[in-house]
**Q** 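Handing you a structure now.
Letters A, B, ... mirror the listed sequences (proteins, then strands); counts begin at 1. Quick note: numbers below take in every heavy atom, side chains included, and nothing from hydrogens, waters or symmetry partners.
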Amino acid sequence: MKYDFTNIEKKWQAKWEETKPYAAVTGDPRKKFYGLIEFPYPSGQGLHVGHPRPFTAMDIICRKKRMQGYNVLFPIGFDAFGLPTENYAIKNHVHPAIVTKQNISRFTQQLKMLGYSFDWDRVVDTTDPQYYKWTQWIFLKLYEKGLAYKTTMPVNWCTSCKCVLANEEVVNGVCERCGSEVVRKEKSQWMLKITEYAQRLIDDLDDVDYIERVKIQQRNWIGRSTGAEVNFTTTAGDVLKIFTTRCDTLFGATYMVLAPEHEFVKKWKPLITNYQEVEAYVEEAARKSDFERAELNKEKTGVMIQGVRAINPVNGKEIPIFISDYVLVTYGTGAIMAVPAHDTRDWEFAKKFGCEIVEVVAGGDVEKEAFTLKDDTGILVNSGFLNGLTVKQAIPVMEKWLEEQKLGKQKVNYKLRDWVFSRQRYWGEPIPMVYCEKCGWVPLPESQLPLLLPNVESYEPTDTGESPLSKMTDWVNTTCPHCGGPAKRETDTMPQWAGSSWYFLRYMDPHNDKELASKEALDYWSPVDWYNGGMEHTTLHLLYSRFWHKFLYDIGVVPTKEPYQKRTSHGMILGEGGEKMSKSRGNVVNPNDIVDQYGADTMRLHIMFIGDFEKAVSWSNEAVKGSKRFLDRVWNLADCCTNSEEISEKNESIIHKTIKKVSEDIDELKMNTAIAALMTMVNEFYANGCSKGDVRILLLLLSPFAPHMVEELWEILGFADATGKMACQQEWPAYDPAKTVDAAVEMAVQIGGKLRGTIQVPVGSDQETVVSVALNNEKIAKFAEGKSLVKVIHVPNKVVNLILK
RNA sequence: GCCGGUGUGGUGGAAUAGGUAGACACAAGGGACUUAAAAUCCCUCGGUGGCAACACUGUACCGGUUCGAGUCCGGUCACCGGCACCA
């Protein structure tokens, strides 16, 4: 009997499609399990070999959960808005919706080919108006609660694509796609106030089970820091606010620096005697991209403002004010007090511009370099009432003093910025807002959702940086929902991250046309029990969707504070030789080729066997053979096993051990060692001979990994019972802990910590027995000759260490 | 620069409450079967020495703790990922 994987896989995929054994049932009394993978972007290239890694892992987890009696929701969908489709449409003069449809159909076919146990009746497509109606609805709610606002922002502009880029689309200062120069451009943008949720996004990480590096990366990205806001009066008669984490060094503040964009620069214009020079610097800074500004970290630049000085509040000294682009307008107050003695950047600047350097923390040589201690080793000097204190002691004393003098207060700052939410692109969700000369920005009433994306003649971006939608005057010109007068629609669309920020909720109730999902479905399925995805989404999608979910929680739509209970992450699949797979390198592996040559079960098994799930691994076409060979060996067992339905005695121990190992490893995402254990068991079956009953257990354990082959063998061996249940509907096998232990064990015998031999002893032998067996062993006795036993270290069943003298 | 991770045979990788390093595979070499090839099966496979038994050595490098260290601690180097003038 030959293992004809092609026909077997076709047969069972058709059967699953027909009988739907993987359907999730809302409200079912069984315990629920919601396993989620990041839904793919349906690119024109089709499925990449990187996709099956996380997909197969979660499929295995979900298949096992079903066999363990859970009601499992394992859905799939498509994150289909986005620029590659739009660019393809422009180039080939096809509507992006048609391209999307084709791509989704190709992806669907490929995903089905791999035998994933998705509930195909719950497919979600972010470009479907019935879906993006609710994306728009959430935006309206955000607007209603004051969390969406429009403001003018400098953005990244690609000179060749004539298009705004997100920060993550700018790589080393050039456009990620075309390699052209990226410049800054001021544009009016819709923004979402994610910063309002900064603290909760940090705090609630304590309540979820995410792998540590995800939590750390999110915390770093949000970047909380505590310090003080301090008021400096100026000779212009106003108050300049700064933020510092080192208010203990206030006596050492010898000058101040404003970001070039700081509002006071313009405000002080009449007082500044060198305004031309200042203005020139401001203009120069504006012309630079963020990348160029960051690149210039070797040499500090700046201009001193003549005509206005600040007063250090602790000693009344007049100090100069500079503008320099090493101060960022977007962080803190956009202004700093400079303490050159104790800050590297201030020190560099001071050296170049000849500013005074005053040591206020003893312990370094501030003429040579800044003494920037972060710990508690320095002692305050030249600091009046702080003298003699350590830094740690001085900070609260100074904070208290500032508060008493009404000169400042404790303050928390975050690096996190509000989310730039508009894109000048066609292929995205229209933002449901209307601008009326009389009423300003007016939200569309809910009854007018979805606001459909109109058909345009050309999706080409414009030279002016307006969205292609702006040319659709019929669509743009509308009436104000508020006053009924003439008004214009917003022509920017939402970023790709919008649709993916809530898709997991739609899966719970995908066909609901009254709400984004029913309360019943949300209550039943929330939260996602296990979400696996890429590290590259940690600070984008994962953070954005947590933010939206918290907002939906606040307005009473969802029942949980956090969307995902558990988050894990997979490593990348690299090409042979450890290089990134790319078209230009020509090392891209297409899953179709592997499936054609070896079958989907081999593909699934191999992608799991290949290495540690969390780490990057290189793909090897050669190594796939080993996984295929293993499945062949399993297949051939059906021909050579005895007819007994009982578990054979000689295999009992390995069977129980393997059930334990495979069960535990799947839960810990250690698929590679689970498969190794199955291989070991099969090797033993060949060595010992095996019964049909033995093979039955093997098939159950293997079924999440190689579902097609297992179903076929299940049928061939006649395991299908009267109810006609498939292997995937059977109960997951249980093990007897007592039977996972052998009667006898091999123990290592060390002498003075050095391995000198091994002995066989009954399991659980006591020290006395072990020592006596060891000393009676010829090989070991040799080493013990003429010496006396001083000490014995006995680790039951593992090792005995004899110390001799 | 800061944060995080990793470093084990020719290759992918096993092994952590500190307890026989190299499980399971791939490749390679040898053999069986075959007219032949493929497939399959058996054997060898970290290094050095030895016919062998065996000995010594070995988990990036240096040092420490311990009866015992791939695993813990201190330091160094290399690579990968993230952030990057965040005051």
**Q** Base, sugar-phosphate, or nothing for A/I793, non-hydrogen atoms under 4.0 angstrom?
**A** base
**Q** Can you identify which nucleotide, out of B/rA15, B/rC56, B/rC85, has its nearest atom closest to the A/T673 side chain?
**A** B/rA15
**Q** Heavy atoms from C-beta onward define the side chain here; which of B/rA15, B/rC26, B/rA14 lies closest to that of A/N672?
**A** B/rA14
**Q** Among B/rC3, B/rC67, B/rU40, which nucleotide has an atom closest to any side-chain atom of A/K791?
**A** B/rC67
**Q** Would you say the base of B/rC85 and the side-chain of A/K300 have a donor-acceptor pair closer than 3.5 Å?
**A**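 Checked by distance alone, the answer is yes.
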**Q** Would you indicate, yes or no, if B/rA25 has its OP1 or OP2 atom less than 4.0 angstrom from a side-chain nitrogen or oxygen of A/N683?
**A**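 Looking at the OP1 and OP2 atoms of B/rA25, one of them is under 4.0 Å from a side-chain N or O of A/N683.
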**Q** A/A677 near the nucleic acid: base, sugar-phosphate alone, or nothing, with a heavy-atom cut-off under 4.0 Å?
**A** nothing
**Q** By nearest atom, which of the nucleotides B/rC3, B/rA21, B/rC54 is closest to the A/L755 side chain?
**A** B/rA21
**Q** So, does the side chain of A/E614 form a donor-acceptor pair with the base of B/rG5 at under 3.5 Å?
**A** no
**Q** Just call it for A/E622: base, sugar-phosphate, or nothing, with non-hydrogen atoms closer than 4.0 Å on any strand.
**A** sugar-phosphate
**Q** Within the structure shown, what part of the strands sits under 4.0 Å from A/V795 by heavy-atom distance: base, sugar-phosphate, or nothing?
**A**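 Touches a base.
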**Q** Parallel under 30°, tilted from 30 to 60°, perpendicular over 60°: which one fits the rings of A/F322 and A/F349?
**A** perpendicular
**Q** Need the pair for B/rC83. Rule: Watson-Crick or G-U wobble, both distances under 3.5 Å, any strand; none if unpaired.
**A** B/rG1
**Q** Side chain of A/Q217 only, please: which of B/rG82, B/rG19, B/rC24 is the nearest?
**A**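 Closest nucleotide to the A/Q217 side chain: B/rG82.
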**Q** Which is true for A/N636 with a 4.0 Å heavy-atom rule: it touches a base, it touches only sugar-phosphate, or it touches nothing?
**A** nothing
**Q** Name the residue closer to the 5' end of RNA chain B, choosing between A/S620 and A/G752 according to the nucleotide with the nearest heavy atom.
**A** A/S620
**Q** Answer yes or no: does a side-chain N or O of A/K615 lie under 4.0 Å from OP1 or OP2 of B/rC79?
**A** no
**Q** Quick one: is B/rC24 close enough that its OP1 or OP2 comes under 4.0 Å of any side-chain N or O from A/R629?
**A**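 The answer is no; no side-chain N or O of A/R629 sits under 4.0 Å from OP1 or OP2.
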**Q** Out of B/rA15, B/rG68, B/rU57, which nucleotide sits closest to the side chain of A/N801?
**A** B/rG68
**Q** I want to check one thing: is the phosphate of B/rA87, taken as OP1 and OP2, less than 4.0 Å away from some side-chain N or O of A/Y331?
**A** yes
**Q** Please round to the nearest 0.5 Å and tell me the distance separating atom CD1 of A/I573 and atom CZ of A/R53.
**A** 4.5 Å
**Q** Looking for any heavy atom pair under 4.0 Å, which part of the strands does A/D632 touch: base, sugar-phosphate only, or nothing?
**A**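 Contact class for A/D632: none.
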**Q** Tell me, with the steps shown, if A/M256 and A/I319 meet side chain to side chain contact (heavy atoms under 4.5 Å, CB included).
**A** CA-CA 7 Å; A/M256 305 193 73; A/I319 55 177; 3.7 Å; yes
**Q** NA contact type, A/F630, heavy-atom cut-off 4.0 Å: base, sugar-phosphate, or nothing?
**A** nothing
**Q** Once you apply a heavy-atom cut-off of 4.0 Å, does A/T244 come out as touching a base, just sugar-phosphate, or nothing?
**A** sugar-phosphate
**Q** Take atom CD in A/E536; do more than 12 heavy atoms of anything else shown fall under 6.0 Å from it?
**A** yes
**Q** Classify A/I610 by what it touches in the nucleic acid, base, sugar-phosphate, or nothing, heavy-atom distance under 4.0 Å.
**A**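 A/I610: backbone/sugar contact only, no base atoms under 4.0 Å.
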**Q** Which is true for A/E746 with a 4.0 Å heavy-atom rule: it touches a base, it touches only sugar-phosphate, or it touches nothing?
**A** base
**Q** Quick check: do A/K415 and A/W221 have side-chain heavy atoms less than 4.5 Å from each other?
**A**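 Not in contact.
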**Q** Using the C1' atom as the reference point in each nucleotide, state the distance between B/rU71 and B/rG7 in Å, no decimals.
**A** 14 Å
**Q** How is A/G332 classified with respect to the nucleic acid when contacts are heavy atoms under 4.0 Å: base, sugar-phosphate, or nothing?
**A**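 The answer is nothing, as A/G332 stays clear of every strand by at least 4.0 Å.
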**Q** Any chance you could measure A/I610, atom CD1, to A/N672, atom CG, to the nearest 0.5 Å?
**A** 10.5 Å
**Q** Under 4.0 Å between a side-chain N or O of A/R633 and OP1 or OP2 of B/rU40?
**A** no
**Q** Distance check: side-chain N/O of A/S225 vs OP1/OP2 of B/rA87, anything under 4.0 Å?
**A** yes
**Q** Quick check for you: among B/rG13, B/rC56, B/rC24, whose closest atom lies nearest to any side-chain atom of A/M679?
**A**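 Comparing B/rG13, B/rC56, B/rC24 against the side chain of A/M679, the answer is B/rC24.
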**Q** Side chain of A/A676, heavy atoms from C-beta onward: which of B/rA87, B/rC24, B/rC56 has the nearest atom to it?
**A**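 The answer is B/rC24.
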**Q** Between A/T680 and A/W221, which is nearer to the 5' end of RNA chain B once each is assigned its nearest nucleotide?
**A** A/T680
**Q** Look at all strands and tell whether A/R224 reaches a base, only sugar-phosphate, or nothing, counting heavy atoms closer than 4.0 Å.
**A** nothing
**Q** Using only side-chain N and O atoms of A/R219, determine if any of them is under 4.0 Å from OP1 or OP2 of B/rG4.
**A** no
**Q** In the structure shown, which nucleotide is the Watson-Crick or G-U wobble counterpart of B/rG49, with both distances under 3.5 Å?
**A**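 B/rC54 - that is the nucleotide pairing with B/rG49, both distances being under 3.5 Å.
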